[in-house]
Trainee: 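Handing you this structure, nothing more for now.
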Amino acid sequence: MDLLLDETYWRTRYATGQTGWDVGAITPPLQDYFKQLGPPDNRRILIPGAGRAYEAEYLHRQGFSEVFVADLAPEALEALQQRVPSFPGGHLLQQDFFALSAEPPYDLIVEQTFFCALPRTLRPDYARQCAHLLRPGGKLVGLLFEADFGPSSEPPFGGTRSEYRAYFEPYFKFIHFDTAYNSIRPRQDRELFICLEKK
Ligand SMILES: C[S@@+](CC[C@H](N)C(=O)[O-])C[C@H]1O[C@@H](n2cnc3c(N)ncnc32)[C@H](O)[C@@H]1O
């Protein structure tokens, strides 16, 4: 039987310190993308499955005022709040990504090691929910593993670019979809940088 990747599972991972995905800082592909966004503004940015959310910290410190993080695990959101007390409490969404409201819609969704942490069966739903949460012209930007992690029942779950294309093509225009050139070393040549625009 498949492992249930629910709130209890993720809370246990935090409580037992099994957070190998957490690199302790913003990663270069996302930092470089954020740097070229221009001056900070009030665009609505969502980071789902944000974990300890170093990307949210970076955007907040840059002056982006409408940054939201969603995670099932309160431990993850508390870590951000402790590091960055000025991060607005109302922007910490302890919620299931698939239950998030699109009112008002987001301008940008940031992906990093959330998609690969979901059961594979939810991948079409992930693409649909991202499209639902974004305004037309809004973007889904981030990283997807292009790697095979074997048959494990625990995340991360890998995949191929042709598989991923099939999920996103119904809803998004592909602006960028290629191997990241600035991945952290352990992920080098094993992740795609994606920038998809909602149709
Ligand atoms: C592998 S971690 C990645 C965390 C973060 N993106 C990072 O790169 O450090 C996956 C995160 O997704 C959260 N998560 C899993 N399923 C979720 C869901 N359905 N809704 C919201 N968060 C979820 C987990 O609690 C966990 O913090």
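Hydrogens, waters and symmetry mates are skipped; everything else that's a heavy atom, side chains included, is used. Every number for a ligand or one of its atoms is a count from 1 in the order of the listing.
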Trainee: Under 4.0 Å, counting heavy atoms only: does Y14 come that close to any atom of ligand 1?
Mentor: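 Checking ligand 1 against Y14, which is what was asked, there is a heavy-atom contact under 4.0 Å.
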Trainee: Examine ligand 1 and decide if any of its atoms is less than 4.0 Å from a heavy atom belonging to A50.
Mentor: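 Right, A50 reaches ligand 1.
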Trainee: Please report which non-hydrogen protein atom sits nearest to atom 8 (O) of ligand 1, along with the residue it belongs to and the distance in Å to one decimal place.
Mentor: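 Minimum-distance protein heavy atom for atom 8 (O) of ligand 1 reads T113 OG1, 2.7 Å.
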Trainee: Is Q95 near ligand 1, meaning one of its heavy atoms is under 4.0 Å from it?
Mentor: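 Checking ligand 1 against Q95, which is what was asked, there is a heavy-atom contact under 4.0 Å.
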Trainee: Can a salt bridge be assigned to the pair R52 and E75 using a cut-off of 4.0 Å between side-chain N and carboxylate O?
Mentor: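 No.
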Trainee: Does the side chain of Q18 come under 3.5 Å of the side chain of T16 through a donor N or O and an acceptor N or O?
Mentor: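 Side chains of Q18 and T16: pair found under 3.5 Å.
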Trainee: Would you call E154 and R13 a salt bridge, taking side-chain N to carboxylate O under 4.0 Å as the test?
Mentor: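 Yes, this pair counts.
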Trainee: Does any donor atom in the side chain of Y164 or E146 lie under 3.5 Å from an acceptor atom in the other side chain?
Mentor: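 Side-chain D/A pair, Y164 to E146: absent.
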Trainee: Can you tell me which residue and heavy atom of the protein come closest to atom 14 (N) of ligand 1, and the distance to 0.1 Å?
Mentor: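 Going by distance alone, atom 14 (N) of ligand 1 is nearest to F114 CE1, 3.7 Å.
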Trainee: Going by distance only, is there an N or O of R52 that falls short of 3.5 Å from an N or O of ligand 1?
Mentor: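 R52 vs ligand 1: no N/O contact under 3.5 Å.
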Trainee: Could you tell me if Y106 and E66 have a donor-acceptor pair between their side chains, going purely by distance under 3.5 Å?
Mentor: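 Looking only at side-chain atoms, Y106 and E66 do not form any donor-acceptor pair under 3.5 Å.
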Trainee: Students should be able to answer this: which protein heavy-atom is nearest to atom 19 (N) of ligand 1, and at what distance?
Mentor: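 Here the closest protein heavy atom is D96 OD1, 2.9 Å.
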Trainee: How far is atom 4 (C) of ligand 1 from its nearest protein heavy atom, and which residue and atom is that?
Mentor: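 Protein heavy atom with the smallest distance to atom 4 (C) of ligand 1: G49 O, 3.3 Å.
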Trainee: Note the single closest protein heavy atom to atom 9 (O) of ligand 1, along with its residue, its atom name and the distance in Å.
Mentor: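 Heavy-atom neighbour on the protein nearest atom 9 (O) of ligand 1: W21 CD1, 3.2 Å.
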Trainee: Taking a hydrophobic cluster as the set of Ile, Leu, Val, Met, Phe, Trp and Tyr residues connected by side-chain heavy atoms closer than 4.5 Å, whether directly or through intermediates, do Y58 and W21 fall within one such cluster?
Mentor: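 Unlinked, Y58 and W21 end up in two clusters.
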Trainee: Distance alone, cut at 3.5 Å: any donor-acceptor contact between the side chains of E191 and T179?
Mentor: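 No, no side-chain donor-acceptor pair sits under 3.5 Å.
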Trainee: Can you tell which part of F97 has a heavy atom less than 4.0 Å from ligand 1: side chain, backbone, both or neither?
Mentor: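 Both backbone and side chain of F97 come within 4.0 Å of ligand 1.
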Trainee: Going by an N to O cut-off under 4.0 Å, is there a salt bridge joining D107 and K139?
Mentor: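 K139 and D107: not salt-bridged.
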Trainee: Compare D71, V23, V69, L72 and give the one whose heavy atom is closest to atom 24 (C) of ligand 1.
Mentor: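 The nearest heavy atom belongs to D71.
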Trainee: Which residue supplies the protein heavy atom nearest to atom 15 (C) of ligand 1, what is that atom called, and how far is it?
Mentor: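 For atom 15 (C) of ligand 1, the nearest protein heavy atom comes out as W10 NE1, 3.3 Å.
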